[in-house]
Amino acid sequence: MMIATYNANSIRARMPVIMKWLSDRRPDVLCLQETKVTDDEFPAPEIEAVGYRPVFRGEKSYNGVAILSRHEIEQVSFGFDGRGLDEGARILTARIRGIEIVNTYVPQGTAPDSDRFQYKLDWFQRLLDHFSARYKTSDRLIWIGDFNVAPEPIDVHDPKRLLGHVGYHPDEHRALAAVKAWGFVDIFRMHRPEPGHYTFWDYRVRDSVARGLGWRVDHIWGTETLAALSTDSWIDREPRLWQKPSDHTPVIAEFSI
DNA sequence: ATGGTCGTTGGACGA
């Protein structure tokens, strides 16, 4: 079972990349973030035509999450406890082949002195409450998506300079660590402990991929129960180098399920 | 390397 995550940065702009990637890699499940379309504009027919069932929740211009699956999708819900429009376009939960998948687009946070940054920190606390209320740490549970935080020094290209920037700030590290302490394992890092693996490269930095100026902010985390079933995890850097790329690239994990 | 770029828009704003 191959499960992937990809911040598409607009599904309409990214359909050529997504269709090629699905065709090349054929993951069982692809979780998307930043689809940036209302549900009536979601390109479901094109996705269904290549063998994937989509579930999605979006809004005009901003946010938006989706799950594409080659298998039956059960127990779909949106937002914290299935409530809330704002959170609904950032959290999509589904059960696929007995795995609980929570796909999130965590608020980016804008800047550490902004209201949006505090909203991001609070959002992690609300997500922790959400996990605590709905799941057991023994469940087959995946938390996947764009977390908008690089957790460790090896997850950014220049940890000394970047410390304190949005995405690599001590307050964010504390907030994320609190969720992790509930019972998550960083499945990618479990398989790839070495530095230099990134999932995001800023459009504004020239030749950022070739120069290694990236961040690892997209993640696949799981309970110990699920991590024990994971056989590999890697980042597919190629789509970041294709024509009209997203500023992110897919992360994949494989499970013996 | 925070700005150089994208995407959604139809001028900025978010990332």
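Reminder, nothing fancy here: chain letters follow the sequence lines and each chain counts from 1. These figures come from a predicted structure and were not determined experimentally.
For A/Tyr203, taking side-chain heavy atoms from C-beta onward, the closest of the listed nucleotides B/dA1, B/dC6, B/dT8 is B/dC6. In this structure, of B/dG14, B/dA1, B/dG4, it is B/dG14 that holds the atom nearest to the side chain of A/Tyr62. Distance from the side chain of A/Gln108 is smallest to B/dA15 among B/dG3, B/dG7, B/dA15. For A/Leu213, whose side chain is taken as the heavy atoms from C-beta onward, the closest listed nucleotide among B/dA1, B/dT8, B/dG3 is B/dA1. Here B/dG7 is the nucleotide among B/dG14, B/dG7, B/dT2 with the atom lying nearest to any side-chain atom of A/Arg14. Nearest nucleotide to the A/Arg90 side chain, out of B/dA15, B/dA1, B/dT2: B/dA15.
Rounding to whole angstrom units, CG of residue A/Asn148 and P of B/dA15 are separated by 8 Å. Atom-to-atom, CZ of A/Arg211 to C1' of B/dT5 comes out at 14 Å; the value is rounded to the nearest Å. The NE2-P distance, from A/His169 to B/dA15, rounds to 17 Å in whole Å. Spacing between atom OH of A/Tyr168 and atom P of B/dA15 amounts to 22 Å, rounded to whole angstrom units. Atom pair A/Gln243:CD and B/dC6:P shows a separation of 11 Å (rounding to whole Å applied). Rounding to whole angstrom units, CZ of residue A/Phe200 and P of B/dA1 are separated by 16 Å. At whole-Å resolution of the value, CZ in A/Phe117 and P in B/dT2 are 18 Å apart.
For the C1' atoms, the distance from B/dA1 to B/dA12 is 25 Å, rounded to whole Å.
If A/Asp202 and A/Thr110 are placed on DNA chain B by their nearest nucleotide, the residue sitting closer to the 5' end is A/Asp202. Judged by closest nucleotide on DNA chain B, A/Lys244 is the one of A/Lys244 and A/Pro107 placed further toward the 5' end.
When heavy atoms are screened at a 4.0 angstrom cut-off, A/Asp247 is found touching no nucleic acid atom at all. Residue-level contact check: A/Trp201 touches neither bases nor backbone, having no heavy atom under 4.0 Å from any strand. Within the nucleic acid shown, A/Arg116 comes within 4.0 Å of sugar-phosphate atoms alone, with no base atom in reach, counting heavy atoms only. Within the nucleic acid shown, A/Tyr105 comes within 4.0 Å of sugar-phosphate atoms alone, with no base atom in reach, counting heavy atoms only.
Contact annotation: A/Arg161 side-chain N/O to B/dT2 OP1/OP2 distance is under 4.0 Å.
Of the candidates A/Thr249, A/Thr5, A/Thr199, A/Asp218 forms a side-chain hydrogen bond (donor to acceptor under 3.5 Å, both in side chains) with just one, namely A/Thr199. Of the listed residues (A/Pro159, A/Pro195, A/Pro193), just one forms a side-chain contact (heavy atoms from CB on, under 4.5 Å) with A/Ile154, and that residue is A/Pro195.
The residues A/Glu48 and A/Arg53 are annotated as not salt-bridged, no charged nitrogen and carboxylate oxygen being separated by less than 4.0 angstrom.
Taking hydrophobic clusters as Ile, Leu, Val, Met, Phe, Trp and Tyr residues chained together by side-chain heavy-atom distances below 4.5 Å, A/Ile11 shares a cluster with A/Leu68. Criterion: ILVMFWY side-chain heavy atoms under 4.5 Å apart, direct or through other members. Under it, A/Ile73 and A/Phe78 are part of a common hydrophobic cluster.
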